[in-house]
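In what follows, every heavy atom counts, from backbone to side chain, and hydrogens, waters and symmetry copies are set aside. Note that the coordinates shown come from a computational prediction; the quantities given were computed from them, not determined experimentally.
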Amino acid sequence: MADASAITVDELLAETVRVYPVLYDKACQDFKERNKKELAWQDVAQKAGFPSGKDAETAFKNLRNRYTRDKKKIQSAKVSGTDTQSVVDAKLKRVRCTSF
């Protein structure tokens, strides 16, 4: 059984990206600055253990897409009233760790 305090790659990536609002916050003054984003992605890659900034960016986009998809599934499960509590519980855990 894995240690409860062990952090997953997804959680590490989310926490590392959270430090750089230029990567996700459209209200950030430097959001459209391509060079600053590239430098930030390189830092994220180094801290999260990815080979390159592009790999970290791709992994984050996949994580964000999974988060959005799971969030929609949770909302539809709550609306339909189906007995999907175990699915909802598992997906809520992921949603909580990646919500910004």
Side-chain angles (χ1 to χ4, degrees):
M1 186 167 157
D3 186 357
S5 65
I7 190 164
T8 66
V9 174
D10 289 343
E11 291 170 331
L12 178 61
L13 179 61
E15 289 299 320
T16 307
V17 169
R18 189 173 282 143
V19 175
Y20 299 95
V22 68
L23 299 176
Y24 63 87
D25 186 4
K26 291 183 180 181
C28 181
Q29 186 176 7
D30 296 327
F31 182 75
K32 292 186 178 184
E33 293 288 330
R34 189 172 274 181
N35 292 332
K36 290 185 180 183
K37 280 187 169 184
E38 286 178 13
L39 290 174
W41 280 122
Q42 288 174 3
D43 288 346
V44 168
Q46 182 180 10
K47 292 177 183 176
F50 287 92
S52 70
K54 196 68 176 166
D55 291 334
E57 183 178 2
T58 301
F60 180 72
K61 286 181 181 179
N62 290 338
L63 177 64
R64 185 185 61 204
N65 290 340
R66 271 195 329 247
Y67 164 78
T68 304
R69 195 173 334 122
D70 290 347
K71 191 173 177 182
K72 286 179 183 178
K73 284 182 182 179
I74 290 169
Q75 291 302 320
S76 67
K78 288 180 181 178
V79 171
S80 69
T82 58
D83 186 28
T84 56
Q85 191 58 40
S86 61
V87 174
V88 171
D89 291 341
K91 293 192 184 290
L92 274 176
K93 182 179 177 185
R94 186 181 313 152
V95 168
R96 285 187 189 117
C97 83
T98 57
S99 62
F100 288 95

**Q.** Gap separating the CG atom of L63 from the CD atom of E11, nearest 0.5 angstrom
**A.** 10.0 Å
Q. Which heavy atom of Y24 sits nearest a heavy atom of V17, and at what distance?
A. CE2-O, 3.5 Å
Q) Is it true that atom CD of E33 has more than 12 heavy atoms of other residues, nucleotides or ligands lying nearer than 6.0 Å? A) yes
Q: Taking all heavy atoms of A56 and all of V44, pick out the closest pair and write down the distance.
A: CB-CG1, 4.1 Å
Q: Check whether any side-chain heavy atom of F50 lies under 4.5 Å from a side-chain heavy atom of L13, and answer yes or no.
A: yes
Q. Do F31 and K37 come within less than 4.5 Å of each other through their side chains, counting heavy atoms only?
A. yes
Q. In chain order, what residues pass the side chain to side chain contact (heavy atoms under 4.5 Å, CB included) check against Q42, with sequence neighbours excluded?
A. L39
Q) Can you list every pair that meets salt bridge (charged side-chain N to carboxylate O under 4.0 Å, His left out) and has a residue in residues 40-55, with sequence neighbours left out? A) K54-E57
Q | Nearest atoms (heavy-atom pairs only) where V22 meets A40 | A | CG1-CB, 4.0 Å
Q: Measure the CH2-CZ distance between W41 and F60 for me, rounded to the nearest 0.5 Å.
A: 5.5 Å
Q: Looking only at non-hydrogen atoms, find the nearest pair between C28 and P21 and report the distance.
A: CB-O, 4.1 Å
